[in-house]
Amino acid sequence: MSEARSPSDRKTLILLGNPNVGKSVLFGRITGKYATVSNYPGTTVEVSSGVSWLAGEAWRVVDTPGVNSLYPSSEDERVTRDFLLKDRPEVVLNVLDSKNLARGLMTTLELVEFGIPFVVALNLADEALDRGIVVDAAALSRCLGVPVVQTVATTGEGMADLKRAVERATVATVSGSATPEIRRSLEILDPLFAKGFPGTRAVQLALLAGDDTVLTWVGAGSAPGIGEDVLYKAGQTERSRFARPPRQILFEGREGRVREICAEVVTVRGKLAPRISQRLGVWALRPWPGFLIAGIVLFAVYQFVGVFGAGTAVNFLEGTVFGKWITPGATWVVEKVLPWEFFRDILVGPYGVIRMAFSYAFALILPIVATFFIAFGLLEDSGYLPRLSVLLDRVFRLMGLNGRAVLPMILGLGCDTMATMTTRILDTKKERIIVTLLLALTVPCSAQLAVILGMAAGLSPKVLGVWLFVLVGTTLATGWAASKILPGARSTFLMEIPPIRRPLFRNIWMKMQVRLAWYLKEVVPLFVYGTLALFFMDRWGLLKMAERGFAPVVQSWLGLPAQATEAFLIGFLRRDYGAAGLYSIQKAGFLDFRQVTVSLVLITLFMPCVAQWLMMFKERGWKGALTITVAVLVVALGIAGVLNRLLLLFPFLVS
Amino acid sequence: MTERQKFPIPSAEREDVEEALGLLWYQRELGVTDGATLRGALHAAGSPEGFDRLVRHGFVREESDHVLLTSSGDELARDVTRRLRLAERLLTDVLSLDRSAVDPNACVLEHTISPEVTESICTLLGHPVECPHGHTIPPGECCGRKDGRLSPIVVPLSRLAVGESGRVAYLQLKDHPELHRLLALGVIPGAPVHLHQTFPAFVVEVGESQLALESSIAARIFVRRAEESKIS
Ligand SMILES: [Zn+2]
Ligand SMILES: [Zn+2]
Ligand SMILES: [Zn+2]
């Protein structure tokens, strides 16, 4: 198979549609297993791309984030809109939810204005049928003037037809929905744009709708001598001529058109009896049995991540793979090959890269994080997570947040760094700051959690109880205080709840790999640097000096042995690393119940790891990040110290 | 029966008469009926000869110290009050005007809307019972057609009972960033809605999508109740 085009000038097909219409599954069907996920330049929006053989040649296929409108009100939507204007793909594959056609067509009519050839996939045809909804694909094709194919991406139905239809993609013939007054404004704007530029209509309408972000991409589209400022002014002038917001008028025009189309192509028969998954979806939203379901889900996740991942898998990798094969093997090789003791120590000594960094990264962290991401993927793809948002909305309101913040907080249990980045989905700056603070302070990541659970395992369950109580209390109190101190209002809770669906393992596996790759790329180098830092600190006696320096705080205020300092220092490199350090101190018998409890609380609340810290600087700016850092230090040391005093007074609390 | 037949006098004067009658209706609600006080009130409202004009047109008569509305006066007073208070509701609920803008505009509207339009407004708003100030809106023909009063057809989503269905009538989200998100999510006038639950958050099915939202948003989505659930 010789390729006529080099990858860079391959034709591009982009997938576009509302959220939850099965776009990513369809993407997987089209591209097969070779897909890469990357961030759209300058954003955190993930865009998957792959290659597919369509119409006799290799195409680049791109999956864009789900959108509700192409007049963007979120970063996701802006990225998708930019794709259309800047990259100008040869063909767009517009994915619609058959059971919710009207909503999808609103975006289709927006897409029409971009003047790009497209094809419609009527996906989720099976779910529509369950609800007695039948869409006439041929009639829809006549209405729009583009090929329309019925698909069920989960089973692969209609895929061959869809691939063939790409060849027949055309610019839609459906008329735009402009009212006379809108058309008048468009005529006034026309001379400002170059003749024959296909995206002109979309840009003009965006200007009328008050979306000036569109100007970044006008570029070649404007008439000679017309700059961004002229267009900006013209847009403002035209907007001011309307008594009602043009955005509203445009919306109503499209809405009327969509109604006409739906009347022609959609037939509704009686609903079939609701499936068990639909019933489950309803139950999971109600307090009863919603919280019971949440409990069961949580327990299942704990069994899989905590018991299987952190227990069985770690024991095997750490005890057998590393303990019996890799570490002894590496030691044997190193001792044969390297004559210098210094280098031997760096690799296989107690603070050696192989003995410490690699075994921590691959034997301890990898299985835990991998199982967590599988569990998270299952919750994500099954549509369960938004239900948790609904259940916890009230609790989150106490902290100046709403249910949407549940997602980054749960992701934080996997990796706080990734979660800090995800705070971008929150609406206001205030909410992003509060969640970033809580992620840094109280949310333990999965690896750390595993070590903590391991430490508490052999002790009285009271230890874990006190730890959990302090953690939840600190979360609520800190969130509440931050919401009172920070200016601004909480945003209101509004969220779409997708139906409960059976997740496709293929999809979860792919997502897990992408997340895991990201995670390892971040973790392994840090482990190596951290281990090296420890190695030299140990060699030069800095470790002992730090222990002496921090002794007043560690020994008198916190009541911990001096060696604990080391754990907190390396805890900054990796949270779980610090926890693991404590674990070894505990194993050596240096900690009593009170000290274990205090150190568990402290290591959880204490400084976030370096990666998360850097992410905080990136996302919140240096001022925000420093403020959060100081807040975390003060609260963590304060609470741990007070807890120490309390437990000295009431030792029965933990023994 | 049209407006003109009911009251065949020139329009500027008509407005004054309507205004005066509206004032008398309001005073009667407050329990004020004595002649001297009412004359004073009309005077203070900038219509010193208003009372005599009402007597001249036969809308009002005096018995000892008390002022009584004649049957034609009662009808017109009731009508103008109804129009004013419906106009206030319309400007407040649908157009989301500021309070300071509602009163003067409602005062102009009340004189210009025809009986048919009054009835349409009343039906659109779900036959409201009170004006935004909390005064009773005199019911019209449309309000009590079947057995006594019907429960309002248009109510905020937050007042719908769990399990009830209807269609979106209008959104009251002036200058609210959520407005466009709601529209894009399919919450548009005419869309069928079904309320699933109200706690911990509102869950509604709009079209074929399920949305979770909090009560402050639910209070701004007005729903026309489905026919079968109309009679309470
Ligand atoms: Zn008036
Ligand atoms: Zn009033
Ligand atoms: Zn009525």
Side-chain angles (χ1 to χ4, degrees), chain A residues 18-20 67-71 73-74 77 97-104 106-107 124 127-128 131 133 209 245 247-248 251-252 255 258-259 278 281-282 285-287 290-291 383 386-387 389-397 402-404 427-428 490-499, chain B residues 91 94-97 101 105 156-158 161-163 165 167-221 226:
Chain A
N18 296 148
N20 306 315
V67 294
N68 286 313
S69 169
L70 293 171
Y71 299 115
S73 55
S74 71
E77 290 176 353
D97 176 353
S98 303
K99 67 180 187 302
N100 210 343
L101 192 65
R103 195 175 139 197
M106 291 298 284
T107 324
L124 302 176
E127 282 186 14
R131 292 165 197 230
I133 297 166
R247 187 172 178 147
Q248 190 74 29
F251 179 85
E252 284 165 12
E255 210 259 310
V258 166
R259 245 177 243 249
Q278 272 168 282
V282 171
L285 281 163
R286 296 177 179 157
F291 280 110
R387 287 170 169 80
S389 290
V390 171
L391 287 181
L392 295 177
D393 178 51
R394 295 288 169 130
V395 180
F396 274 60
R397 273 199 230 178
N402 69 49
R404 279 170 76 85
D427 288 326
T428 65
R490 179 183 66 88
S491 71
T492 39
F493 180 53
L494 171 61
M495 192 176 209
E496 191 182 359
I497 311 288
Chain B
L91 296 176
V94 181
L95 302 182
S96 319
L97 291 188
N105 281 304
L157 187 60
S158 53
V162 170
S165 304
R167 281 180 187 273
V168 176
Y170 56 91
L171 305 177
Q172 192 200 92
L173 291 167
K174 191 192 167 208
D175 293 331
H176 218 276
E178 258 80 13
L179 173 66
H180 291 293
R181 236 159 84 200
L182 276 175
L183 292 176
L185 287 170
V187 186
I188 46 181
V193 288
H194 178 84
L195 183 61
H196 278 297
Q197 68 178 57
T198 56
F199 187 85
F202 278 76
V203 174
V204 276
E205 206 162 295
V206 181
E208 291 294 329
S209 348
Q210 216 171 41
L211 303 180
L213 36 91
E214 64 177 67
S215 54
S216 70
I217 299 184
R220 288 152 176 265
I221 301 172

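Within every chain, numbering begins at 1; the chains are lettered A, B, ... in the order of the sequence lines, protein sequences first and strands thereafter. Computed from a prediction, not measured in an experiment: that's the story for all the values here.
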Rounding to 0.5 Å, atoms OG (B:Ser209) and CG (A:Asn20) come to a distance of 9.5 Å

Sequence neighbours excluded, the answer for side-chain hydrogen bond (donor to acceptor under 3.5 Å, both in side chains) partners of B:Gln197 is none

So which heavy atom on A:Ile497 is nearest to which on B:Leu211, and how close?
CG1-C, 4.3 Å

Are B:Leu213 and A:Thr492 close enough that some pair of their side-chain heavy atoms sits under 4.5 Å apart?
no

Can you give me the closest heavy-atom contact between A:Asp393 and B:Pro200, atom names plus distance?
OD2-O, 4.4 Å

Heavy-atom nearest pair, A:Pro287 first then B:Phe199, reads CD-O, 3.4 Å

Between B:Ile217 and A:Phe493, the two heavy atoms sitting closest are CD1-O, 3.7 Å

Region of A:Arg286 that comes under 4.5 Å of a non-hydrogen atom in chain B
both

Non-hydrogen atoms of chain A under 4.5 Å away: do they reach the side chain of B:Ile188, the backbone, both or neither?
side chain

Can you list everything that forms a side-chain hydrogen bond (donor to acceptor under 3.5 Å, both in side chains) with A:Ser98? Sequence neighbours excluded, please.
none

The interface call for A:Met106 against chain B, heavy-atom contacts under 4.5 Å, is neither

Mind listing the closest non-hydrogen atom pair of B:Glu214 and A:Ser491 along with its distance?
OE1-O, 4.4 Å

